There are 2 protein chains.
Amino acid sequence: MSLDLSVDRSSPVPLYFQLAQQLEAAIEHGALTPGSLLGNEIELAARLGLSRPTVRQAIQSLVDKGLLVRRRGVGTQVVHSKVRRPLELSSLFDDLEAAGQRPATKVLVNTVVPATAEIAAALSVAEDSDVHRVERLRLTHGEPMAYMCNYLPPGLLDLDTGQLEVTGLYRLMRAVGITLHSARQSIGARAATAGEADRLGEDEGAPLLTMERTTFDDTGRAVEFGTHTYRPSRYSFEFQLLVRS
Amino acid sequence: MSLDLSVDRSSPVPLYFQLAQQLEAAIEHGALTPGSLLGNEIELAARLGLSRPTVRQAIQSLVDKGLLVRRRGVGTQVVHSKVRRPLELSSLFDDLEAAGQRPATKVLVNTVVPATAEIAAALSVAEDSDVHRVERLRLTHGEPMAYMCNYLPPGLLDLDTGQLEVTGLYRLMRAVGITLHSARQSIGARAATAGEADRLGEDEGAPLLTMERTTFDDTGRAVEFGTHTYRPSRYSFEFQLLVRS
DNA sequence: TCAATCCGTATGTCCGGACAATCGGACTGC
DNA sequence: GCAGTCCGATTGTCCGGACATACGGATTGA
């Protein structure tokens with residue numbers, strides 16, 4: 001059994017991170033079965049030639065991911081359930097691509113407009129000041145799945161329509177050095193208006209899933225505000241929550 | 001400015017936790033303004049008579065909460081935005097109570113039924129084996145807001161109808177020593193059926209917000225499976241996401 | 001037979017120190 | 001004026017050790 005764990009001290013990758021990756025791989029791969037004990041930290045550290053704090057840091061990162069559970073006086077064991085997909089701030093595009101859906105994007109509008117009161121408040125800019133407005137339609141298998149309207153403060157990045165059609169908004173932001181930090185999100189439902197129904201290929205009054213989101217970078221600056229509508233027959237929000245303890 | 005931080009070494013509360021609480025309070029209270037530097041760890045440790053690892057542990061916990069951002073070579077600063085409510089696994093009851101809504105609960109059904117295939121799969125029990133079934137209506141201001149149908153494996157806890165009407169399901173679980181760990185969740189929308197419309201006081205075909213959830217304890221055992229429907233005019237899911245980096 | 005106590009074990013907390021990596025500004029050279 | 005370089009500041013990583021705390025089983029006692 002006892003897994004061939006090893007670390008490469010000449011690597012620039014932190015030792016605790018190397019260990020964490022190997023443990024995670026072992027769990028994923030099934031070498032560490034759910035419910036099994038991990039063996040005590042002291043001995044594990046000795047076996048790897050690491051100090052206990054380093055081993056603890058590796059284990060802690062997996063505990064934070066929900067893969068392991070520690071019990072004082074007992075040990076550390078692999079969580080039994082199939083925890084896999086923690087909720088993260090990812091773009092719809094990345095989500096779909098990861099699911100192998102090969103999403104297509106159609107940019108309907110890519111322009112600059114004066115900010116309404118709502119948008120100005122969300123982005124912390126002056127009312128009527130210029131903001132980017134991007135309207136996109138996301139399709140899977142040739143069928144519309146979501147209508148997305150996003151606003152961005154000016155000067156943040158130049159939105160190239162061509163790029164927006166082949167990748168996601170978040171990826172473009174990261175590419176220009178914006179460090180995403182957090183997002184405030186609201187998920188609801190409502191009946192489709194005539195315009196929405198038309199865009200998404202639904203009937204007027206049909207139920208739609210809605211999402212509103214404001215995203216902040218690590219300086220606290222709002223970098224994006226968006227209102228999205230989804231066809232509930234083709235999309236739902238799936239995620240896993242961890243209890244913060 | 002320089003905040004009167006102090007720790008009580010005779011307290012059973014861990015030192016890093018005391019410090020984290022004080023820092024969080026200072027941020028909340030405004031004593032530490034957004035964007036301001038926190039001062040280097042070494043000096044902070046010296047000032048408090050703590051070691052640097054302890055100070056780092058305190059700071060790290062706030063970084064994990066999204067309140068602080070560290071930058072190598074620069075320092076640690078307070079996040080600018082109003083991060084407040086990270087997404088956590090809380091019950092609807094607790095959410096509403098925290099919002100001062102004084103929720104009321106009406107237990108419609110509290111019985112034991114044989115598990116259907118779907119429920120058996122979610123709870124990892126044998127098909128047709130006995131499971132608890134609880135149907136509840138959640139009301140705010142005398143108006144129905146959500147219809148909740150939950151299933152629990154047998155022998156976990158005895159569901160008292162009276163208790164279910166004055167507190168939430170999760171609180172009852174915690175009270176009997178169940179450590180909630182994670183939940184798999186799915187949020188969608190659909191048109192109300194005649195029965196749903198009737199229960200919630202909506203019209204048939206009206207859009208409803210739906211949520212399905214399976215909750216696991218820290219041994220990986222499924223402890224609850226529920227399907228909920230919400231009136232979108234009275235409820236939406238609001239939360240804050242952090243980028244895991 | 002059952003309950004209370006003891007004890008080994010493993011994690012939780014904390015210390016003090018060392019060196020590396022990175023950021024940003026100051027300085028220098030072209 | 002501008003680009004490249006140097007350097008101080010600060011966090012990131014890692015070590016080895018110490019004691020506290022809690023869990024669970026074994027032992028002990030009623």
Side-chain angles (χ1 to χ4, degrees), chain A residues 5-23 35-64 67-79 177-179 181 217-219 245, chain B residues 5-23 35-64 67-79 177-179 181 217-219 245:
Chain A
L5 297 168
S6 62
V7 293
D8 175 10
R9 298 195 90 94
S10 67
S11 163
V13 178
L15 300 179
Y16 78 90
F17 194 79
Q18 291 183 38
L19 177 54
Q21 279 185 316
Q22 290 182 36
L23 289 175
S36 64
L37 273 301
L38 201 58
N40 73 47
E41 300 169 349
I42 314 273
E43 193 236 338
L44 187 55
R47 183 143 63 93
L48 288 165
L50 296 174
S51 70
R52 192 180 158 213
T54 301
V55 172
R56 275 183 68 79
Q57 192 172 1
I59 292 176
Q60 188 58 48
S61 70
L62 297 183
V63 171
D64 292 340
L67 293 174
L68 298 177
V69 179
R70 320 175 88 140
R71 293 171 190 274
R72 190 191 307 218
V74 179
T76 304
Q77 46 186 320
V78 180
V79 153
I178 296 173
T179 313
H181 176 264
D217 72 359
D218 58 359
T219 69
S245 48
Chain B
L5 298 168
S6 62
V7 293
D8 175 11
R9 298 195 90 95
S10 67
S11 163
V13 179
L15 300 179
Y16 79 90
F17 195 78
Q18 292 184 37
L19 177 54
Q21 279 184 316
Q22 290 182 35
L23 290 174
S36 65
L37 274 301
L38 201 58
N40 74 48
E41 300 168 349
I42 314 274
E43 193 237 337
L44 186 56
R47 184 144 63 91
L48 288 166
L50 296 173
S51 70
R52 191 180 159 215
T54 302
V55 172
R56 276 184 67 80
Q57 194 173 359
I59 292 177
Q60 188 58 47
S61 71
L62 297 183
V63 171
D64 291 340
L67 294 173
L68 298 176
V69 178
R70 320 176 89 140
R71 292 172 193 274
R72 188 190 299 213
V74 179
T76 304
Q77 47 187 321
V78 180
V79 151
I178 297 173
T179 312
H181 176 264
D217 73 358
D218 59 0
T219 69
S245 49

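Only a predicted model underlies this, so the values are computations on that prediction, with no experimental measurement involved. Residue numbers begin at 1 in each chain, while the letters A, B, ... track the order of the sequences.
Distance CG (A/D8) to C1' (D/dT13): 15 Å, rounded to an integer number of Å. Here D/dA18 presents its C1' atom at 11 Å from CD1 of A/I42, a figure rounded to the nearest Å. Spacing between atom CG of A/L44 and atom P of D/dC15 amounts to 12 Å, rounded to whole angstrom units. Rounded to whole angstrom, the span from the CD atom of B/Q57 across to the P atom of C/dG12 amounts to 10 Å. A straight line from CD of B/Q77 to C1' of C/dC23 spans 12 Å, rounded to a whole angstrom. Between B/Q60 atom CD and D/dT13 atom P there is a gap of 9 Å when expressed in whole angstrom units. Rounded to whole Å, the distance from CG on A/L37 to P on D/dG24 is 12 Å.
Comparing A/R52 and A/P14 along DNA chain D, the residue whose closest nucleotide (by nearest heavy atom) sits nearer the 5' end is A/P14. Taking for each of B/E41 and A/T54 the nucleotide of DNA chain D with the nearest heavy atom, the 5'-most of the two is the partner of B/E41. Between A/I59 and B/L15, it is A/I59 whose nearest contact on DNA chain C lies nearer the 5' terminus.
Among C/dC15, C/dA10, D/dG24, the nucleotide with an atom closest to any side-chain atom of B/L50 is C/dC15. Checking D/dT11, D/dA20, C/dC15 against every side-chain atom of A/R72, the shortest atom distance belongs to D/dA20. Picking from C/dC23, C/dT11, C/dA21 the nucleotide with the shortest atom distance to the side chain of B/V74 gives C/dC23. Closest to the side chain of B/R9, from the set C/dC14, C/dT13, D/dC15, is C/dC14.
Shown here are the salt bridge (charged side-chain N to carboxylate O under 4.0 Å, His left out) partners of B/R71, two or more places apart in sequence or in another chain: A/D218.
A donor N or O paired with an acceptor N or O is not found under 3.5 Å between the base of C/dG12 and the side-chain atoms of A/R71.
At C/dT13, one or more side-chain N or O atoms of B/Y16 fall inside 4.0 Å of OP1 or OP2 (strictly under the cut-off). Regarding contacts with the backbone of D/dG12, a side-chain N or O of B/R70 is found under 4.0 angstrom from either OP1 or OP2. Applying the 4.0 Å criterion to OP1 and OP2 of D/dG12, one finds that B/R56 has a side-chain N or O inside that range. At C/dG17, none of the side-chain N or O atoms of B/S51 fall inside 4.0 Å of OP1 or OP2 (strictly under the cut-off).
With rounding to the nearest 0.5 angstrom, the OG1 atom of B/T54 is 10.5 Å from the CG atom of B/L48. In this structure, the separation between CD1 on B/I59 and OG1 on B/T76 is 4.5 Å, given to the nearest 0.5 Å.
In terms of modelled atom types and a separation under 3.5 Å, the side chain of A/Q77 and the main chain of A/L38 share no donor-acceptor contact.
A salt bridge links A/R70 with A/E41: the closest approach of a Lys/Arg side-chain nitrogen to an acidic carboxylate oxygen falls below 4.0 angstrom.
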